[in-house]
J.: 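Below is one structure. I have some questions about it.
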Amino acid sequence: MRAQIRKLAEPFSERDWPALTCPTCEEGALNVGKFIYEDHTTEEDPDPYDGDPTAPQGCFHGHLICNRGRCGAWILVGGTYETGWELLIRDGENFLDLWAIVTVRTLLPAPQIIELTATVPQPVADEIRRASTLVWMDSQAAVGALRSAVERVMDDHNIAKVTQKGGWISLDSRLKDFKKTMPSPGALLEATKWVGNSGVHDPRKITTREALKTAEMIEVALHEIYPRDDNAIREHAAQINLNKGLVRPE
């Protein structure tokens, strides 16, 4: 998981947006576009902060823009903010520096929260993308999507999901069969399942940070189950060894 994704789990300064990868082209970085901040003032109460410039808080919305010329995609972003401040001295006079401290609640389309190899099956990748959208607005739903990704891994490995009588087999039972041949990633997928269960049954809120930590577990498991296809580079290395030197195209 990229550090830029982890940063979004906590409030941060509007002046320090992480350089997220564009979810459209997956090559460019997202630059900050135009943002609008709306505080809690109303017609009935136009100054609920009693003139305190450090007190405003509310919601923000705007867009990020891919810096890759051939893409230029816009990503919609929204969330909440409060005011950060620092008293500075400029030219011998006090100066109040103000900025917004933002908490992201929506990214559409959302950058993928974990990195997947090209060998990950599409049904698994689809659940990861769904979790990537949900994690900012509904962490409980996000860990549910990650749990569903575990189910799709079981499907891909032909682990039975229905009994001979047509009843559903629990994910816990499916994982026990899976761990007989792949115990290491199986343990990580099992932990993902437990967190997903908590998202449904435990009344305590799952935080964005906890959901991202769960995503990291499944990321490590998926890299072990579906490693990068490195056959081409291995073949190139074999040719160099055979030639006892660099192999160049003729």
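Note: hydrogens, waters and symmetry copies are ignored here, and every other heavy atom, side chains too, is used. Here the structure is a predicted model, which means the values were calculated and not measured.
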J.: With no hydrogens and no angle check, is any side-chain donor or acceptor of Glu82 less than 3.5 Å from a backbone partner on Ala100?
T.: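 Side chain of Glu82 to backbone of Ala100, a donor-acceptor pair under 3.5 Å: no, none is there.
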J.: Do you know the tightest heavy-atom contact between Thr24 and Pro109?
T.: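 Of all heavy-atom pairs spanning Thr24 and Pro109, the closest is OG1-CG, 4.3 Å.
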J.: For the CD atom on Gln122, are there more than 12 heavy atoms of other groups (residues, nucleotides or ligands in this structure) within a distance under 6.0 Å?
T.: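 Enclosed: over 12 neighbouring heavy atoms sit under 6.0 Å from CD of Gln122.
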J.: Give a yes or no on whether the backbone of Ala141 and the side-chain of Asp138 come within a donor-acceptor separation of less than 3.5 Å.
T.: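 Yes.
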J.: Using 0.5 Å steps for rounding, measure from the CD atom of Gln112 to the CZ atom of Arg2.
T.: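 Between Gln112 CD and Arg2 CZ, I get 9.0 Å after rounding to 0.5 Å.
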J.: Thr80 side chain to Cys59 main-chain N or O, any donor-acceptor pair under 3.5 Å?
T.: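 Checking the backbone N and O of Cys59 against the side chain of Thr80, no donor-acceptor pair under 3.5 Å is found.
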J.: On a heavy-atom basis, which atom in Gly186 and which in Leu175 lie closest, and how many Å separate them?
T.: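 In this case the closest contact between Gly186 and Leu175 is O-CD2, 4.3 Å.
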J.: To the nearest 0.5 Å, what is the distance between CG on Leu146 and CD on Glu216?
T.: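 Output value for this atom pair is 11.5 Å.
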J.: Kindly say whether the aromatic ring centers of Phe35 and His61 come within a distance under 6.0 Å.
T.: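 Judged by ring-centre distance (under 6.0 Å), Phe35 and His61 do not meet the cut-off.
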J.: For the residue pair Ile113 and Ser132, what are the closest heavy atoms and their distance?
T.: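 Distance-wise, the nearest heavy atoms are N-OG, 3.1 Å.
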J.: Are any side-chain N or O atoms of Thr208 and backbone N or O atoms of Ala9, one a donor and one an acceptor, separated by less than 3.5 Å?
T.: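 Absent.
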J.: Would you say the side-chain atoms of Ser184 and Glu224 include a donor-acceptor pair closer than 3.5 Å?
T.: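 Looking only at side-chain atoms, Glu224 and Ser184 do form a donor-acceptor pair, the distance falling under 3.5 Å.
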J.: Determine, stepwise, if the pair Met182 / Leu189 fulfils side-chain contact (heavy atoms from CB on, under 4.5 Å).
T.: CA-CA 11 Å; Met182 302 194 78; Leu189 296 181; over 6 Å; no
J.: Looking at the rings of Tyr81 and Trp99, which for Trp means the six-membered one, are their centres under 6.0 Å apart?
T.: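 No - the distance between ring centres of Tyr81 and Trp99 does not fall below the 6.0 Å cut-off.
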J.: State, yes or no, whether a side-chain contact exists between Trp74 and Leu108 at a heavy-atom distance under 4.5 Å.
T.: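 Not in contact.
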J.: Could you walk me through whether Arg130 and Glu127 pass salt bridge (charged side-chain N to carboxylate O under 4.0 Å, His left out), step by step?
T.: CA-CA 5 Å; Arg130 187 162 69 92; Glu127 294 294 352; 2.8 Å; yes
J.: Does any N or O in the side chain of Arg6 come within less than 3.5 Å of the main-chain N or O of Met1, such that one atom is a donor and the other an acceptor?
T.: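 Yes, because the side chain of Arg6 sits within donor-acceptor range (under 3.5 Å) of the backbone of Met1.
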J.: Quick one: closest heavy-atom pair of Asn197 and Arg147, and the distance?
T.: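 Looks like OD1-NE, 2.7 Å.
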J.: Answer with yes or no whether the hydrophobic clustering places Val150 together with Val200; edges join I, L, V, M, F, W, Y residues whose side-chain heavy atoms lie under 4.5 Å apart.
T.: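 Not linked; separate clusters.
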J.: Calculate, to the nearest 0.5 Å, the distance between atoms CH2 and CG belonging to Trp168 and Leu171 respectively.
T.: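 Reported to 0.5 Å precision, the distance equals 12.5 Å.
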J.: Using only atom types and a distance under 3.5 Å, with no angle test, would you say the side chain of Lys7 pairs donor to acceptor with the backbone of Asp16?
T.: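 At least one qualifying donor-acceptor pair exists.
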J.: Hey, mind stepping through Asp50 and Asp52 against side-chain contact (heavy atoms from CB on, under 4.5 Å) and telling me if it holds?
T.: CA-CA 6 Å; Asp50 296 326; Asp52 182 355; 5.6 Å; no
J.: In the structure I gave you, are the side-chain heavy atoms of Thr117 and Leu222 within less than 4.5 Å of one another anywhere?
T.: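 In short, these two side chains do not touch, never coming nearer than 4.5 Å.
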J.: May I ask you to decide whether Lys193 forms a salt bridge with Glu151, counting only side-chain N to carboxylate O separations under 4.0 Å?
T.: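 So Lys193 does not pair with Glu151 through a salt bridge.
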J.: Check the pair Asp97 / Arg90 against salt bridge (charged side-chain N to carboxylate O under 4.0 Å, His left out), numbers first and verdict last.
T.: CA-CA 11 Å; Asp97 187 23; Arg90 178 180 294 176; over 6 Å; no
J.: Please tell me whether Asp172 and Ser170 have a donor and an acceptor in their side chains that are separated by less than 3.5 angstrom.
T.: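 Distance-only check fails for Asp172 and Ser170.
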J.: Does NZ in Lys34 sit with more than 12 non-hydrogen atoms of other residues, nucleotides or ligands closer than 6.0 Å?
T.: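 No, not enclosed.
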J.: Step by step, would you call Leu30 with Asn67 a side-chain contact (heavy atoms from CB on, under 4.5 Å)?
T.: CA-CA 6 Å; Leu30 298 178; Asn67 65 1; over 6 Å; no
J.: Examine Ile101 and Leu64 and state if one hydrophobic cluster contains both, with Ile, Leu, Val, Met, Phe, Trp and Tyr joined whenever side-chain heavy atoms are less than 4.5 Å apart.
T.: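 Unlinked, Ile101 and Leu64 end up in two clusters.
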J.: With heavy-atom distances below 4.5 Å as the criterion, would you say the side chains of Arg105 and Trp136 are in contact?
T.: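 Result no, sub-4.5 Å side-chain heavy-atom pair not found.
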J.: Within the 4.5 Å heavy-atom criterion, are Trp17 and Asn31 side-chain neighbours or not?
T.: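 Side-chain contact under 4.5 Å: no.
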J.: Do Arg228 and Thr119 have side-chain heavy atoms sitting under 4.5 Å apart?
T.: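 SC-SC contact between Arg228 and Thr119 ruled out.
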J.: Please determine which of Val124, Ile128, Asp126 meets the side-chain contact (heavy atoms from CB on, under 4.5 Å) test together with Arg152.
T.: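 Passing option: Val124.
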J.: Are Glu235 and Asn231 linked by a side-chain donor-acceptor pair shorter than 3.5 Å?
T.: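 Note: Glu235 and Asn231 side chains miss the donor-acceptor criterion.
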J.: side-chain contact (heavy atoms from CB on, under 4.5 Å) for Ile114 and Ile218? Distances and angles first, verdict last.
T.: CA-CA 9 Å; Ile114 63 175; Ile218 198 170; 4.0 Å; yes
J.: For Arg15, is the CZ atom crowded, meaning more than 12 foreign heavy atoms sit under 6.0 Å from it?
T.: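 Yes, CZ of Arg15 has more than 12 neighbouring heavy atoms, counting only those of other groups under 6.0 Å.
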J.: For residues Pro123 and Asp156, determine if any side-chain heavy atom of one lies less than 4.5 Å from a side-chain heavy atom of the other.
T.: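 Contact flag for Pro123/Asp156 side chains = no.
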J.: Restricting to non-hydrogen atoms, name the atom on Pro185 and the atom on Ile225 that form the minimum distance, rounded to 0.1 Å.
T.: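 Shortest heavy-atom contact: CB-CG1, 3.6 Å.
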J.: If you round to the nearest 0.5 Å, how far is CD1 of Ile36 from NE2 of His63?
T.: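 Separation between the atoms: 9.5 Å.
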J.: Can you give me the closest heavy-atom contact between Ile5 and Pro111, atom names plus distance?
T.: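 Shortest heavy-atom separation between Ile5 and Pro111 comes out as CD1-CB, 4.3 Å.
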J.: Between Arg174 and Ile159, is there a donor-acceptor pair closer than 3.5 Å when you use the side chain of the first and the backbone of the second?
T.: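 Checked: pair present.
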J.: Count the heavy atoms belonging to other residues, nucleotides or ligands that lie under 6.0 Å from CG of Leu246, then report whether that count exceeds 12.
T.: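 Check passes, neighbour count above 12.
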J.: Thr214 side chain to Thr192 main-chain N or O, any donor-acceptor pair under 3.5 Å?
T.: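 Checked: no pair found.
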J.: For Lys176 and Glu190, what are the C-alpha separation, side-chain angles and deciding distance, and is it a salt bridge (charged side-chain N to carboxylate O under 4.0 Å, His left out)?
T.: CA-CA 9 Å; Lys176 287 178 181 177; Glu190 182 181 13; over 6 Å; no
J.: Under a 4.5 Å cut-off applied to non-hydrogen side-chain atoms, are Cys22 and Cys71 in contact?
T.: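 Counting from C-beta outward, Cys22 and Cys71 do come under 4.5 Å.
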J.: Taking atom CG of Leu96 and atom OG1 of Thr83, what is their separation to the nearest 0.5 Å?
T.: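 One finds 10.0 Å between CG of Leu96 and OG1 of Thr83.
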J.: Is there a path of hydrophobic side-chain contacts, each under 4.5 Å between heavy atoms, that joins Leu116 and Leu188?
T.: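 Different clusters: Leu116 never reaches Leu188 through Ile, Leu, Val, Met, Phe, Trp or Tyr contacts under 4.5 Å.
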J.: How long is the straight-line distance from CD of Gln140 back to OG1 of Thr207, given to the nearest 0.5 Å?
T.: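 These two atoms lie 9.5 Å from each other.
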J.: If you define the side chain from C-beta out and look only at heavy atoms, does anything of Leu76 sit under 4.5 Å from Thr106?
T.: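 No, every pair of side-chain atoms sits at 4.5 Å or beyond.
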